[in-house]
Amino acid sequence: MISRFSDTKEQLARVIRDAFRAAFEEGLLPSAEPAPFVVEVPGDTAHGDFAANAAMVNARAMHMAPRKIAEILTERFQFGELPVLKTEIAGPGFINFYLKPEWFSSLLDEVLEKGESFGRSDYGRHEKVMVEFVSANPTGPMHMGNARGGAIGDCLASALEWSGHDVTREFYVNDAGNQINKFGASLEVRYLQHFEGEDKHPLPEDCYQGLDIVDHAEAFAAEYGDRYLTASSEERQKALVDFALPKNIANLERDLGKYRITYDVWFRESRLHAENKVLGACEKLKADGWAYEKEGALWYNNIKMMKKKAEEAGKPLTEEEIAELKDDVLVRANGVPTYFAADIAYHYNKFAERHFDRVINVWGADHHGHVARLKGAMDAIGLDGDKLDIVLMQLVRLMKDGQPYRMSKRSGRAVTLTDLLDDVPIDAARFFFNMREPNATFDFDLDLAVQQSSDNPVYYVQYAHARICSVLKLVAAEGRATVSPLEADKSLLSSPEERELIRKLAQLPDEIVTAAAAYDPARLTRYVLDVATLYHKFYQTCRVLSEDEALCSARAALCRATASVLENTLGMLKISAPEVM
């Protein structure tokens, strides 16, 4: 299943390759495989509906001026049934293609015919993909990094779904290990303080400092009283964790649900430990020669793996590079596995036990040093580390009144996801967090996010949809559109504004595929902003409620198609498309 826009682009590329072959056979160009070239929509569509750089990228290898190559190629183009009106050679050798009016009509018909499914493709061929994102520490509330990661991960998963992948959204609950021990110790101190005061039980610096810990301890004390004052520390901490942790996990699920994120799987780290999968993975690494014992601990041989991968890539590591590497502890001398060991077991479960073809993790940029180690560990344990992809996400900075905004009104500490959603519409939050590619730092303007003006990008897009709905209601009330959108005479849509809008609408399937392939859902917010801009331009230039009923019907059809594209794209982002604003 390929869109008409993509099909035209591919056929034009085939015409160019055939022209190269014909020129080779005639001895006009050197007989060689042409260098890869692109066929794309030019920046200025006055220069054509498509442009190709085929002559430019082959000039050096063929020892010929690109314009001369372009002339040879264009003389040998055989378009067959392709609706090409003309070709031109521009500048130093770009080849521009102009399409016939019926091509634009066919693009618009496709959008109207497919409606709410327009944009979907089978590009992914049902590849089984997991997207794991947020996976916030369950010992406290979610912060801004989690908010951005949630929007990016969820929208990336949508792009993968729409482009034909079998997608699972997963949250990894870190309910075991050091952070849970620290959680228990922190709760214990606050519980003891409730009855015996802070002087007797000062809070250690390495404990969690948040007011949420105090709230949990107070709630526990209200329910159980001083029953656990005389209990052992181990028993007391376990009771406190068993009381507070489920509430935190439920709060995570609630807050993410409010943020319009629903996971297919909530996978608990404790399950891996209970099923002995963590120590099992460590033993497998040891048996295969990728782990060794030293000073009573078990170590992963990261240096050995990094040297092996570098040699396989033909770029052996220098002594300086080797000196910067280090091996990693898998099991401490006290017999307790590290987080890295659990992570290896978790990813082994993803690939070897649940059989995902590809796994995508959305991580904060502070985890960049962990990427190569984990991918290498997948190779070491008998899997393919290249099937594990990590999307590193940079920090987000909240801005208010032109200044960084850090403090929560509720706790006096860092702003949480809950704080943000109290102040900013969910539509704006999801849109804003996807306005930049994940690896770019981002300033979130709190003032702009709540503005109801064209300066606010999500408002600008939603207003385009509401404007279309208003126009279509008016057209229906006036009885001007006398035929259905599919029956309208689209050949009447001949102005530059109409054709530019149609061309942009037709690119939605390509944009979704590119966003999925590049792990960059920000492409979709940029795309939908472009659609809104072109619609507003069309609206200002071309009167829809025309006295000419055939033209009115055609322009109403274009409005309906634009509404479908806006609805589909915003729907992927889980952002509303209001009919009235």
Electrostatic pair Asp443:Arg397 at N-O distance under 4.0 angstrom:
yes
Show every donor-acceptor pair shorter than 3.5 Å between a side-chain atom in residues 543-551 and any protein atom, with sequence neighbours excluded, or say none if there are none.
from, atom 1, to, atom 2, distance (Å)
Arg543, NE, Leu545, O, 3.1
Ser546, OG, Asp548, N, 3.0
Asp548, OD1, Ala550, N, 3.1
Asp548, OD1, Leu551, N, 3.2

Are the charged groups of Asp520 and Arg436 less than 4.0 angstrom apart, N to O?
no
Could you name each residue pair satisfying salt bridge (Lys or Arg N to Asp or Glu O under 4.0 Å) that touches residues 43-65, not counting sequence neighbours?
Asp49-Arg503
Donor-acceptor pair, distance only, cut-off 3.5 Å: does the side chain of Glu498 make one with the backbone of Ser494?
yes
Walk me through it: do Asn361 and Lys350 pass the test side chain to side chain donor-acceptor pair (under 3.5 Å)?
CA-CA 12 Å; Asn361 295 342; Lys350 292 179 180 183; 3.1 Å; yes
Distance-only donor-acceptor pairs under 3.5 Å for side chains of residues 95-102, two or more places apart:
from, atom 1, to, atom 2, distance (Å)
Asn96, ND2, His47, O, 2.8
Tyr98, OH, Ala46, O, 3.2
Tyr98, OH, Glu88, OE1, 3.2

Give a yes-or-no answer on whether the side chains of Ser576 and Asp427 include a donor-acceptor pair shorter than 3.5 Å.
yes
Hey, is Glu161 close enough to Arg120 for a salt bridge, meaning N to O under 4.0 Å?
no
Can you list the steps and then say if Arg358 with Leu388 is a side chain to side chain contact (heavy atoms under 4.5 Å, CB included)?
CA-CA 6 Å; Arg358 187 155 43 112; Leu388 171 62; over 6 Å; no
I'd like to know whether Tyr460 forms a side chain to side chain contact (heavy atoms under 4.5 Å, CB included) with Thr533, so could you lay out the CA-CA distance, the side-chain angles of the two residues, the decisive distance to 0.1 Å, and finally the verdict.
CA-CA 8 Å; Tyr460 181 75; Thr533 299; 3.4 Å; yes
Using the ring centroid of each side chain, check whether Phe50 and Phe5 are separated by less than 6.0 Å.
yes
Taking Lys574 for its side chain and Leu570 for its backbone only, find out whether a donor-acceptor pair lies under 3.5 Å.
no
Is it true that Arg523 and Glu511 have a side-chain N and a carboxylate O under 4.0 angstrom from each other?
yes
Which residues pass the side-chain contact (heavy atoms from CB on, under 4.5 Å) test with Glu71, sequence neighbours left out?
Arg67, Lys68, Ile89
Looking at Tyr172, Phe171, Tyr263, which one forms a ring pair (Phe, Tyr, Trp, His ring centres under 6.0 Å) with Phe133?
Tyr263
Are Phe433 and Phe444 an aromatic pair by the rule of ring centers under 6.0 Å?
yes
Is there a donor in the side chain of Asp419 and an acceptor in the side chain of Thr416, or the other way round, less than 3.5 Å apart?
yes
Regarding Glu500 and Lys504, does a basic nitrogen lie under 4.0 Å from an acidic carboxylate oxygen?
no
Residues which pass side chain to side chain donor-acceptor pair (under 3.5 Å) with Asp489, listed by chain and number, not counting sequence neighbours:
Ser491
Show your reasoning for whether side chain to side chain contact (heavy atoms under 4.5 Å, CB included) applies to Arg499 and Leu493.
CA-CA 7 Å; Arg499 291 191 173 179; Leu493 303 173; 5.9 Å; no
Distance alone, cut at 3.5 Å: any donor-acceptor contact between the side chains of Ser453 and Gln451?
yes
Could Arg467 and Tyr539 be counted as a cation-pi pair, given that NZ or CZ must be under 6.0 Å from the ring centre and within 45° of the axis?
yes
Derivation of the side chain to side chain donor-acceptor pair (under 3.5 Å) call for Ser564 and Glu567
CA-CA 5 Å; Ser564 288; Glu567 289 159 10; 4.6 Å; no
Report, one line per pair, each donor and acceptor closer than 3.5 Å where one atom sits in a side chain of residues 10-20; sequence neighbours left out.
from, atom 1, to, atom 2, distance (Å)
Gln11, NE2, Asp7, OD2, 2.6
Asp18, OD1, Arg21, NH1, 2.8

Between Lys387 and Asp357, does at least one N-O distance fall below 4.0 Å, as a salt bridge requires?
no
Test log, rule side chain to side chain contact (heavy atoms under 4.5 Å, CB included), inputs Tyr535 and Ile468:
CA-CA 9 Å; Tyr535 180 77; Ile468 291 170; 3.3 Å; yes
Salt bridge between Asp510 and Lys9, side-chain N to carboxylate O under 4.0 Å?
yes
Output, in order, the C-alpha distance, side-chain angles, deciding distance and verdict of side chain to side chain donor-acceptor pair (under 3.5 Å) for Ser163 and Arg125.
CA-CA 9 Å; Ser163 57; Arg125 299 184 181 278; over 6 Å; no
